[in-house]
Amino acid sequence: MAVKYFREHLTPSAATETTIYTVPAANTAIISSLRITNTGTSTTTLNLAIYPDGGATPYKILEDTVLAIDSTMDAFNGVSCVMEEADIMKVTSSLADVDFYLSYMEVDRN
């Protein structure tokens with residue numbers, strides 16, 4: 001059982017739900033943080049959802065959360081989030097000037 005640490009970063013297009021991470025086959029992921037920074041010139045509205053097994057019905061982590069200009073937040077507030085094989089994490093911001101930085105660990109179950 002191997003443990004690997006990773007990071008992903010993304011600056012998605014405005015108002016477009018975008019995949020930031022998909023858990024690989026035979027892995028479990030432990031999300032330690034998702035830092036979100038608004039570098040734009042106005043407030044932005046954020047959404048974060050996890051789609052179990054890549055399905056169509058999401059579990060909403062953030063919904064219509066407002067982030068002020070030049071502000072940063074952690075979507076998980078220091079509480080780890082466990083994701084299983086094929087789960088998908090998607091983010092949306094009403095502005096294009098928002099950076100998402102995901103820190104996580106994968107546990108290979110083979």
Could you measure the distance from the [atom1] atom of [X] to the [atom2] atom of [Y]? Nearest 0.5 Å is fine.
{"X": "I36", "Y": "Y101", "atom1": "CD1", "atom2": "OH", "result": "14.5 Å"}
{"X": "I30", "Y": "M83", "atom1": "CD1", "atom2": "CE", "result": "12.0 Å"}
{"X": "N38", "Y": "I69", "atom1": "CG", "atom2": "CD1", "result": "7.0 Å"}

- [ ] Report yes or no: do T44 and S93 form a side-chain donor-acceptor pair below 3.5 Å?
- [x]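 Result is yes, a qualifying pair exists.
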
- [ ] For the residue pair T11 and D99, confirm or rule out a side-chain donor-acceptor distance under 3.5 Å.
- [x]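 A donor-acceptor contact under 3.5 Å links the two side chains.
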
Heavy-atom distance under 4.5 Å between the side chains of [X] and [Y], does that happen here?
{"X": "L46", "Y": "F100", "value": "yes"}
{"X": "K90", "Y": "P58", "value": "no"}
{"X": "H9", "Y": "R35", "value": "no"}
{"X": "T39", "Y": "V98", "value": "no"}
{"X": "M89", "Y": "L34", "value": "yes"}

TODO: Would you please classify the geometry between the Y104 ring and the F6 ring as parallel, tilted or perpendicular, with 30° and 60° separating the classes?
DONE: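 Taking Y104 first and then F6, their aromatic rings lie parallel (interplane angle under 30°).
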
Task: Connected via hydrophobic side-chain network under 4.5 Å: F76 and L62 - done: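 Yes, it is one cluster - the side chains of F76 and L62 are joined through contacts under 4.5 Å.
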
